There are 2 protein chains.
Amino acid sequence: MDIEPGQKAARRGRNAITIHDVAKHCGVSPMTVSRVINGETNVREETRQKVLASVAALNYSPSTSARTLASRDDTQIAVLYTNPSTSYLNEILIGALTQTGLSGCRLTIAKCEGLDEAVETVEDLAAAGIDGVLLPAPISNSNRVALALDRVNLPSVGIAAAQQPPGRTTIAVDDHAAAFAMTTRLIELGHTRIGFIKGHPNNRASDFRTEGFYAAMNAAGLDVDVDLVVQGYFDYHSGFEAAAVLLGRPDRPTAIFASNDDMAAGVLANAHSFGVHVPAELSVVGFDDTTTATTVWPELTTVRQPTVHMASEAVDLLLLQIRAKRAGAIFEPRRELRDFEIIERQTSAPAPKT
Amino acid sequence: MDIEPGQKAARRGRNAITIHDVAKHCGVSPMTVSRVINGETNVREETRQKVLASVAALNYSPSTSARTLASRDDTQIAVLYTNPSTSYLNEILIGALTQTGLSGCRLTIAKCEGLDEAVETVEDLAAAGIDGVLLPAPISNSNRVALALDRVNLPSVGIAAAQQPPGRTTIAVDDHAAAFAMTTRLIELGHTRIGFIKGHPNNRASDFRTEGFYAAMNAAGLDVDVDLVVQGYFDYHSGFEAAAVLLGRPDRPTAIFASNDDMAAGVLANAHSFGVHVPAELSVVGFDDTTTATTVWPELTTVRQPTVHMASEAVDLLLLQIRAKRAGAIFEPRRELRDFEIIERQTSAPAPKT
DNA sequence: CTGTTAGCGCATTCAA
DNA sequence: TTGAATGCGCTAACAG
C-alpha cells in the first residue's frame, strides 16, 4: 500500500493504466477484472477483493470510450432549453451532467426560441441520432412538442412540469401540497388574513398552487376573503401591482403568499413604498427559490424544488425509456412527484399583534 | 438523392452506419473517408466531394467513442463551481457543453463550498485524472486555488475573472472599457450629475469599473462630485442603501450607475419609496445582465458580458494548454479580453429638463 | 494522393 | 468461477 513514486503520471491520454495492468497486478485475466468492475456476481469473493485492491492501488478507472465502443451502447441525450437565463437551467444542467457522467452517456444541449422552433429542433435532434431528450419547464408542458416527439418516436422526460402531456413521462413537485404546506406555515405563525397572488392563468401550476392555498385555509377553519386573492402573471411587475391592491385596502392582510419569487419580489418593493415593514408588519413568501429569492432584501421565505435531484432522476427515467424502446418493450408513461422544501428566510414572521 | 425508406432507423446504438458503410457507398477505403471527415488536405477534391456526398446521403456521423479510443486522445475537463444559483453558471455550462461537444472531449462538474474546499477539490480532480479545469468567477480570482493548481500541475482557464493569478490564463471582459462606455452613453443622454455605486472592495473588478466611470467623466470634461460616488457591496441591500444616500440629497443625481445589477435593482426599489419615477426622473443602469436585470420592473439597462461565448473559448484555450503540456511545450499564460455589449432597456432615458 | 495493417481498451461470446 | 478469442468504429503509421 505504499505510494509508488511513479504512479501519479499514469492517467488517461497517453500511458493510462488499463484493465490489463490491473489484471497483471493481481494475477487474473482482464476478463475477471471487467466482471468485478461491472459488479457481476459470478466472481469468487476472494478474487473480487484481490481485484478491488489492485484497482485501488493502481488508481485505475476504466475508459468510457472503450466501454461504450465495446458494449455497443452509445446513448446520447439532449437538454432542450429556451431561455439561457432561466434561473433553474443551471440546476438542471448540473443534475443532468452529474448523472450522465455516472451512467456513461453523453449530454448535448439544444436551444430553441419558441414552441415553433422547439418542434423543428426535436426533428433535428431525432435526425442527428439523439436517443432521448430532457425537457425543462415550460417546454415540458407543451402538447405540441409532445406531438412532435411522438412523431419522431423520441423518448422524453419533462422536468418541473405542471402538466403531463399524454404519453409523456414527467417529474415534478406537488404544487398543491407545497402551497398547502406554505399556507399552513403562515397560519401557524398566527396569520389569518392572508393575501394570495395567483400565477399566470395559462399555467396549470397556478391552479394547483391556488387550490393548495384554499385547501390549507379551509383545513384550518379559516375563511378566505376573496378580495385578498388577486390575479398575477408570474412577473415582478404583476406582483408589484397586486401588492398595491392588497396593501391599499383598509384592512390589509398581515401576510402575502405570492405564487412565485418574482412576484414576491415585486410585493417587497411595493411594501417599501407603502412604508410597511417586512416582516414585522407584513410577511411575504414566494415559491420556487430562484436566485431572486436571495437577491432581494430581506431574503425571501419560499418553497424550494429539488431541481438538481429531479434532473438526475430524469436522466435515469430517460435511460429506462431508451432501453425499453431498444428492447422493443413498452414503457408506461409516469408522473413522478418529489418532495419540496420550505426555506424560511427573512420575510416571514409571526403575525403582528393588533 | 432520394430518401431511402430504410435509412432512418440506422443510427447509433445497434445498427449504426459506420465509416465502412460510407466507404463502400462511394467506392473508396475507410481511411480516405476518415481523412475527409477530419479535414485533412491530402485528398483529391473530386474524391472529397464524392465522400461528402455519401456522408450526406447516409446521414453518417462518426462515433465519438471510437474516435477518442483510436486517437488515444481522451481528454476530460471539469468546471469547478461554488454556488449553483450563481446566475451566469448556466451560461458557462452552455458554452462549455457546446464546445466540448464539438471538440469531442468530456465535461465534468465539481462543486465546492468555499475556497478551502476548492483547494481540496482541485487535488481530487487531479487524482481522478482530469486534464484541466474551467474556473468561473469568483474562484478564478483566487490565488490560493491557483497555487493548488500549480502544485498538481493542472491547466486552467478562468472565466470572467477580474484578476489574473500569476501563471494562469483567463478570459474576461474589459471592465474599465465597459464602465467607460456605459458612462459615456449616460452623458450622451444629457446626464451630467451621475451617481456611481462602487462594487465590493475586495474585488478588483470594482476598481476597474470605478476607474472607467471616472475616465469617461473626465473625457467628457465633466466634474465628478465625490459625494455622488458611494460604496456598495454588490448586493441588493447595499444598492438600496446607497440609493437612500444619493436620492436623499437636495441636488440628487439624474442618473445612477450601479456596478452590478443586484445593486441597480436595490436602487430601483428605493426609487419607488422616494416617489421618483424611473426613467423619467432618474435613469438607473447596472452591470452584468444577470437574470435580475429582466426580473425587475422596469427592466434594467445594463452591460452584458458574452459569457456563453467566453466559456466556449475558454474550452479551446484549455485544450491548447493541455496539448502543449502533453507535448512538453510551454504555454504562455494569457489574458484574453472580449467585447461587452450595452443593453438598453427601460431604465435609461434622456436627462429630465430642469 | 490513396490503401493496408494494426491496435486503442474494453465487453461479448464462447469454451474450459 | 474463470479465461481465450474476437471485434466494436475508428485512426496512426506505414506502404504504395
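Remember, predicted model here, so these are calculated numbers, not experimental data. The sequence lines fix the lettering, A, B, ..., with proteins before strands; numbering per chain opens at 1.
Checking D:dT11, C:dG9, D:dT2 against the side-chain heavy atoms of B:Ser34 singles out D:dT11 as nearest. The nucleotide whose nearest atom lies closest to any side-chain atom of A:Met31 is, among D:dT11, C:dA11, D:dC10, C:dA11.
Not one side-chain nitrogen or oxygen of A:Ser71 sits closer than 4.0 Å to the OP1 or OP2 atom of D:dC8. Between C:dG3 and B:Thr32, a contact under 4.0 Å exists linking OP1 or OP2 to a side-chain N or O.
In this structure, A:Glu123 pairs ionically with A:Arg151, as a charged nitrogen and a carboxylate oxygen lie closer than 4.0 Å. Ion pairing between a basic and an acidic side chain is recognised when a charged N comes within 4.0 Å of a carboxylate O; A:Glu336 and A:Arg338 show such pairing.
Contact annotation: side chain of B:Arg72 to base of C:dG7, donor-acceptor pair absent below 3.5 Å.
Residue B:Thr47 is in sugar-phosphate contact alone, with no base atom involved, counting any heavy-atom pair closer than 4.0 Å across all strands shown.
Computed from coordinates, the B:Arg67 CZ to C:dG9 P distance equals 18 Å when rounded to whole Å. At whole-Å resolution of the value, CZ in B:Arg35 and P in C:dT2 are 8 Å apart. Between A:Lys24 atom NZ and C:dC10 atom P the separation is 12 Å, expressed in whole Å.
DNA chain C is contacted by both B:Val43 and A:Ile37; B:Val43 maps to the nucleotide lying nearer its 5′ end (nearest heavy atom per residue).
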